[in-house]
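Written below as structure tokens is the structure these notes are about.
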Amino acid sequence: MTADANTGRQPGLQIEPEVRIETGRIDIAAEIASMGGGGAIGGLVTFSGYCRDEGGRLSALELEHYPGMAEREIAGIAWQALERWPLLACRAVHRTGRILPGEEIVFVGCAAEHRHAAFEAASFLMDFLKTRAPFWKREHLKDGSTGGWVEHKDTDDLAADKWHRL
Amino acid sequence: MTADANTGRQPGLQIEPEVRIETGRIDIAAEIASMGGGGAIGGLVTFSGYCRDEGGRLSALELEHYPGMAEREIAGIAWQALERWPLLACRAVHRTGRILPGEEIVFVGCAAEHRHAAFEAASFLMDFLKTRAPFWKREHLKDGSTGGWVEHKDTDDLAADKWHRL
Amino acid sequence: MKLVYFAWVKERIGVAEEQVELPAGIITVFDLLHWLKGRGANYEAALQAPEIIRVALDKEHADHSDPIAGASEIAIFPPMTGG
Amino acid sequence: MKLVYFAWVKERIGVAEEQVELPAGIITVFDLLHWLKGRGANYEAALQAPEIIRVALDKEHADHSDPIAGASEIAIFPPMTGG
């Protein structure tokens with residue numbers, strides 16, 4: 001098989017990313033169970049992002065998003081991952097709304113024949129999801145008050161930037 | 001908190017790696033469910049390695065290992081990961097015996113406050129598990145014959161080597 | 001022109017979206033942000049540091065130098081903190 | 001001295017483990033592999049490329065230049081293919 005000169009995609013694979021934005025819990029176990037195995041897959045790398053309790057200070061995170069654009073941005077990043085690595089499956093699920101400490105915020109899974117493609121693609125997806133997908137987090141505190149909006153981290157921009165140099 | 005000068009380990013965390021070698025199936029969903037969340041964890045990266053069917057040629061892989069040494073080597077690699085990254089959980093499970101295409105061979109999970117530590121530690125664990133843990137794979141073919149032993153890949157040595165330069 | 005706001009930009013401006021009539025001479029995203037900033041104390045509070053503000057034209061990320069002509073929905077929001 | 005073999009080294013030698021009496025002058029892993037190789041066609045087949053063979057002394061990886069004195073179990077095997 002030779003890769004398409006424009007997209008880098010392998011002909012015949014016809015893998016499409018699966019992108020979902022949901023208000024309910026993400027069943028990480030079910031996501032993984034439905035991605036692994038299948039004969040051609042050698043490795044599956046998953047990232048699950050959780051709401052931290054920030055040392056007990058936090059009662060919940062509130063996730064706001066830009067409907068329509070959020071799905072489109074994540075799908076765009078996932079298509080880039082599919083063009084860059086020979087993936088056999090690629091999935092991203094992001095929650096919105098109120099999320100309690102210990103609950104999951106985001107799930108990303110990338111499967112490939114060999115492990116390095118799966119590791120790199122999953123890491124790439126998270127780095128760009130952080131910097132390009134229109135989601136915003138606000139803290140709700142244990143004392144009942146509404147805390148501030150979570151500040152954007154410059155280290156996230158740097159992490160995404162490094163992929164342009166690789 | 002300051003890290004211990006010799007080990008780099010954070011005082012008070014007292015995380016120990018969990019290493020298991022098993023002959024039965026690995027319940028990936030259960031492994032992940034028991035690792036995620038918990039308040040301090042921000043990200044969990046998992047790698048699941050599967051038996052490929054090699055285009056339908058393979059009926060099974062047979063995994064041989066060196067009892068005692070296999071556990072010790074994987075635990076040693078996991079301790080190195082704990083010293084190198086501020087992990088909140090670290091687990092590695094490896095199967096032995098006869099494994100069918102689509103079934104899981106190995107599971108590695110690393111949890112941390114931030115995602116890059118979890119991604120790097122899980123990738124590090126797999127790279128060194130591949131080159132240092134005494135396991136050997138032999139192929140059993142669909143035509144009933146016993147195929148050869150899987151050949152060691154030099155690219156695995158290179159992948160492990162790169163961590164010495166980082 | 002429909003403008004939509006998110007997170008603390010929305011909170012400070014006080015509305016989630018609005019229709020505005022742009023005066024002549026508003027060509028780029030940069031122009032739009034600086035014009036909006038002068039519309040009142042709430043806009044001034046939301047856009048006091050326009051250089052960090054992100055803008056999407058019809059749900060696609062735009063640079064501050066991009067022309068806004070042709071866009072039917074312009075979104076204005078802080079740097080993202082998802083994932 | 002107890003020797004244990006794995007994978008195709010075991011298969012070619014034909015036994016999983018054995019007790020051997022080492023002659024004088026066998027100091028290092030290298031010496032051991034070359035002495036073993038001369039013990040018969042099965043050993044010759046297993047150790048025809050001794051440079052790729054891995055050795056563990058009491059379940060710890062050893063270099064070919066390491067002395068074997070003090071080890072009670074020496075394992076000899078091909079490069080690993082786990083994971």
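Letters go in sequence order (proteins before strands), and every chain restarts at 1.
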Spell out the residues in residues 99-119 of chain B that have some non-hydrogen atom less than 4.5 Å away from a non-hydrogen atom of chain A, in order of number; otherwise answer 'none'. B/Gly102, B/Glu113, B/His114, B/Arg115, B/His116, B/Phe119
Among the options B/Ala122, B/Gly55, B/Gly38, B/Ala159, pick out the one with the most heavy-atom pairs lying under 4.5 Å from chain A. B/Ala122
By a 4.5 Å heavy-atom criterion (distance strictly below it), what part of A/Ala33 contacts chain B: side chain, backbone, both, or neither? neither
Pick from B/Thr46, B/Val45, B/Leu58 with the largest number of heavy-atom pairs that fall under 4.5 Å of chain A: B/Thr46
Against chain A, work out which of B/Gly43, B/Gly42, B/Gly49 has the most heavy-atom pairs shorter than 4.5 Å and name it. B/Gly42
Kindly give the heavy-atom pair with the smallest separation between A/Tyr50 and B/Ile41, and that separation in Å. CB-O, 3.4 Å
Can you check whether anything in residues 19-31 of chain B gets within less than 4.5 Å of chain A, heavy-atom wise, and list it by number? B/Ile28, B/Ala29
